[in-house]
Amino acid sequence: MNSLIAANISQRPLRTAISIIGVALGVILITLFVGLSRGMMRDAAERQANVDAEIRFLPSGNVSLAGNPLMLPSRYADAILHGVQPTAEDPDIQPKPPIDGVAAVSPVGEYVQGSVAGIGFEMVDGIDYPSFINTTHLTLAQGRGLEDGRTSGTEYEVLVDHYYAASGKDIDGRPVHLGSRITVLGHTFTIVGIYEPSVLGRVKIPLHTMQQLLGGVENCTYLLVKCERPELADRVLQDLRRYYPGNNVILTTEIPALYSQTLAPVEIFLNVVIGLGLVISVLVILLAMYTTIIERTREIGILKSLGASKRFIVMTIEKEAALISVLGVVLGFVVAVIGKLALEANTRLMIDLEPKWLLIAAMIGVLGGVLGAIYPALRAANLDPVEAISYD
Amino acid sequence: MTVLETIDLQMIYHVGKVDVPALRGATLQVEPGEYVAIMGPSGCGKSTFLHIVGGMLKPTSGRVMIEGEDLTAMTDAQRTDLRRRKIGFVFQRFNLFPTLTAEGNLKLAERIYAGKDNRDPARRREVLKVLGLEDKMNHKPLELSGGEQQRVAIARALINRPAIILADEPTGNLDTENSGVVLNMMRQLNKEFGQTIIMITHNSEAAARADRIIEMRDGHVVRSTVSTQAI
């Protein structure tokens, strides 16, 4: 029977190839989309982990972590550290004490721009460099840090992380290095430093420059609050909520959960993609095997005349479908790996091909093939032997 | 024991609202080792008779006994199983698998008969030798002449030692020379292996090689005569 299956598959190479490609398509869809989602989440989590601050202070109503406009007054950073009192210029201001236990506060602007590489997006941070290095693990590997962006000649300077430096291209399409010019927020910036490890966005410009370019003068997206000791975080959090009501003050340890909330629609989308992969496999094999059965009606009649049971006929067709599906899965994996390498080499997208998801994709590919062959197999098994053997 | 017995076999096809009788009470007995030719004009029910005896059709009424087993009392699956164990078919159009070699066709029949691990290479060699096909085993059907293809089909029918070989116009697609070769081989198989053969034919010369000639008319067995060759 195995030689019959091999012969059947090799008899119609074009149809076999199309079937294999169809199954592979479903596998590629699942592996790349899931891999992309997992890779980007892992990358974001790793970059988040390099934030040293225990608390993130976001403006009212903002629990999303992506694409925030500049809505939070940057002066809150000073207020948290040093307190605020009414002044002659602003006599109505509510007095607030300095928050005890806070070691450093850094305002951060966050902007999502389309990737310079053309596929995907990338996060740009506007930072106040001196306070930022006190609230994160950012360390310069090459060059120097950022100025405040207020001095002429320093406003269009940029820091990039080591990953960007290894894979990015300058405005002329050449690999980047210190001194390279890249496009950020539609303007040309010069790389003055390369840092590691990756922290938040890969590209960092002076906060003041971001404020000027986005029109959010003296505002930021959020504050990073570093405590004198980690165990003070809960108390500092309570004080911040007490003195700055109406804002979202969260522990950075809660951020993964917030990401999960933000990415819940992505999970739904991934489930749709997985379902789509299964449907593609089922339909491709269903059509291929159905056509095969019609073409081979006479051969099925011969099998019946030889005394082949319905089970034998069903198993022959199912094994053929399973073999095509396995070949489709293998092709899908090969293309997925090539796709991963190509995308990671040419974009800043991260794709994780995790064994668990490869296994799921393989199972869906083969399961889809086996399911898709059930109807044609049963139809073949139930053909009338006399009619089948007389079929032209 | 009688290898085949049909009793008052009737078959009516329902074509739309019209009933078309193909068999109207065919009764026949075949003894083990007999070589029987069935003749008759087109539409007399020969092929229907053969398909019923081979378990591929269920008769409207009557009984078919094969080595004591009542085919007409069986389910579809049981008839398939009996066909696998006791019947070998040879068709006018050879009906070999075009994608398999001659040996592949035989192995497939063995596989269906005995499963994956119960093949009998010695039996295969013996059959191939008798049919003169030793040097054709790796050829696909399209690489063989009509006579060679029919010999492979006979080998396939014979490989699992069936109780009866049912041959439906086995020389209908062959020229005179190849027809002679195939008929000689069927005679040889009948003599050397004691193989029971029931052959439908329009060719009186082919029928004359059998032990007995059955004539059918309008769905009845009308005459049974010992052939001149047998005499």
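Numbered from 1 within each chain, the chains take letters A, B, ... in sequence-line order.
Rounding to the nearest 0.5 angstrom, the gap separating the CG atom in B/L108 from the CZ atom in A/F312 is 5.5 Å. Here A/S305 contributes atom OG and B/D168 contributes atom CG; the two are 11.5 Å apart, rounded to the nearest 0.5 Å. Here A/S309 contributes atom OG and B/I112 contributes atom CD1; the two are 8.5 Å apart, rounded to the nearest 0.5 Å. Separation of atoms CG (B/N160) and CG (A/L306) is listed at 8.5 Å; rounding is to 0.5 Å.
When heavy atoms are compared at a cutoff of 4.5 Å, B/L166 does not approach chain A at all. Neither the backbone nor the side chain of B/N105 comes within less than 4.5 Å of any heavy atom in chain A. Only the side chain of B/R156 has a heavy atom closer than 4.5 Å to any heavy atom of chain A. If you measure heavy-atom distances from A/R296 to chain B, you find no contacts under 4.5 Å at all.
Ranked by non-hydrogen atom pairs under 4.5 Å with chain A, the options B/Y113, B/F97, B/F89 are led by B/F97. Ranked by non-hydrogen atom pairs under 4.5 Å with chain A, the options B/R93, B/H51, B/R84 are led by B/R93.
In this structure, the side chain of B/R83 engages the main chain of A/K304 through a donor-acceptor pair within 3.5 Å.
For B/T99 against A/L4, the heavy-atom pair with the smallest separation is OG1-CD1, 4.5 Å. Heavy atoms only, all atoms of each residue included: A/A7 and B/L100 are closest at CB-CD2, 3.9 Å.
Side-chain contact check for B/D76 versus A/K310: some heavy-atom pair is nearer than 4.5 Å.
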